[in-house]
There are 2 protein chains.
Amino acid sequence: MNKDIPDDVATFPMSVVKELTQLTGRQIRYYEEQGLVKPARNEGNRRVFSLNDINRLKKIKSLIDQGINIAGIKAMLKDK
Amino acid sequence: MNKDIPDDVATFPMSVVKELTQLTGRQIRYYEEQGLVKPARNEGNRRVFSLNDINRLKKIKSLIDQGINIAGIKAMLKDK
DNA sequence: TTGATTTGTAAGATAATCTAACATAGTAAT
DNA sequence: ATTACTATGTTAGATTATCTTACAAATCAA
């Protein structure tokens, strides 16, 4: 009945992503700084995340929880 | 591969809902005041919308564009 | 014309997010 | 053990987003 929102369309603000991923804002920004995620920005320079971004962050969170460091995660997520 | 977000979970901020529905903030707040939508609120009293909310607003927008007034829309959307 | 409906706009307050900087615990290397 | 690096926390100050309330204006109905 409805058109849903594609996985690559950025619609989620930081607050929601923090809840959904169980990551802190600091962590999310750091992972972006490390090139692990590249959330879009709105006109006011606020980050806006897609479902793809969120799933990627969940994956990162999982790997972090397994004790894998950023270098390892970079290697594992080098592709899509 | 991914768990998506259920239609009734509130994750969208005003800014995104305005874009997705082509409604103004004023309109959205007015429709809420008229009982046509009931978005959730976060801890800071900001509105947070679910996909169901957005689809309902799109329906309202469509009816408004057809020249139907609030009373008419209320009648038509009285049920779920 | 009068009154109600619907939306715009503005003001002032509060919340959310941003960047940059410094602090710190943990890990690895020397 | 000391040093250096990694990953995250915390704080500060600035900027953006959203909230409520009020008043204005346009539209529609009586």
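Computed from heavy atoms alone, side chains included, the values below leave out hydrogens, waters and symmetry copies.
Minimum atom distance to the side chain of B:Ile64 is reached by C:dT7, of the listed C:dT7, C:dA16, D:dT18.
The pair B:Arg41-B:Glu32 meets the salt-bridge criterion, since a charged nitrogen lies less than 4.0 angstrom from a carboxylate oxygen.
Under the 4.5 Å side-chain criterion, counting only non-hydrogen atoms from C-beta, B:Ile70 is not in contact with B:Ile60.
Looking at which nucleotide of DNA chain D each of B:Asn69 and A:Tyr31 is closest to, the 5′-most match is held by A:Tyr31. Residue B:Ala71 is the one, among B:Ala71 and A:Pro13, whose nearest nucleotide of DNA chain C lies closer to the 5' end (criterion: closest heavy atom).
Counting atom types as modelled, B:Arg46 pairs a side-chain N or O with a base atom of C:dT14 as donor and acceptor under 3.5 Å.
Protein atom CZ of B:Arg47 is 14 Å distant from nucleotide atom C1' of C:dA15, rounded to whole Å. Residue B:Lys18 contributes atom NZ, which lies 15 Å from atom P of C:dT7 at whole-angstrom precision. One atom, CD of B:Gln34, and another, C1' of C:dA4, lie 12 Å apart when rounded to the nearest Å. Computed from coordinates, the A:Leu23 CG to D:dG9 P distance equals 10 Å when rounded to whole Å. Spacing between atom OH of B:Tyr30 and atom P of C:dA4 amounts to 13 Å, rounded to whole angstrom units. Summarising the geometry, the separation between CD1 on A:Ile68 and P on C:dA28 is reported as 14 Å, rounded to the nearest angstrom. Computed from coordinates, the A:Arg41 CZ to C:dA16 P distance equals 19 Å when rounded to whole Å. One interatomic measurement links the two molecules: CD1 of A:Ile70 to P of D:dT8, which rounds to 5 Å at whole-angstrom precision.
A:Arg26 has no side-chain polar atom (N or O) that falls below the 4.0 Å cut-off from OP1 or OP2 of D:dT10. A close approach under 4.0 Å does occur between a side-chain nitrogen or oxygen of B:Asn42 and OP1 or OP2 of C:dA16.
For A:Phe49, there are no ring-ring contact (aromatic ring centres under 6.0 Å, His included) partners two or more places apart in sequence or in a different chain.
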Check step by step if side chain to side chain donor-acceptor pair (under 3.5 Å) holds for B:Glu19 and B:Ser15.
CA-CA 7 Å; B:Glu19 290 173 7; B:Ser15 53; 5.9 Å; no
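Annotation: A:Lys59, atom NZ; neighbour count of heavy atoms from other residues, nucleotides and ligands within 6.0 Å does not exceed 12.
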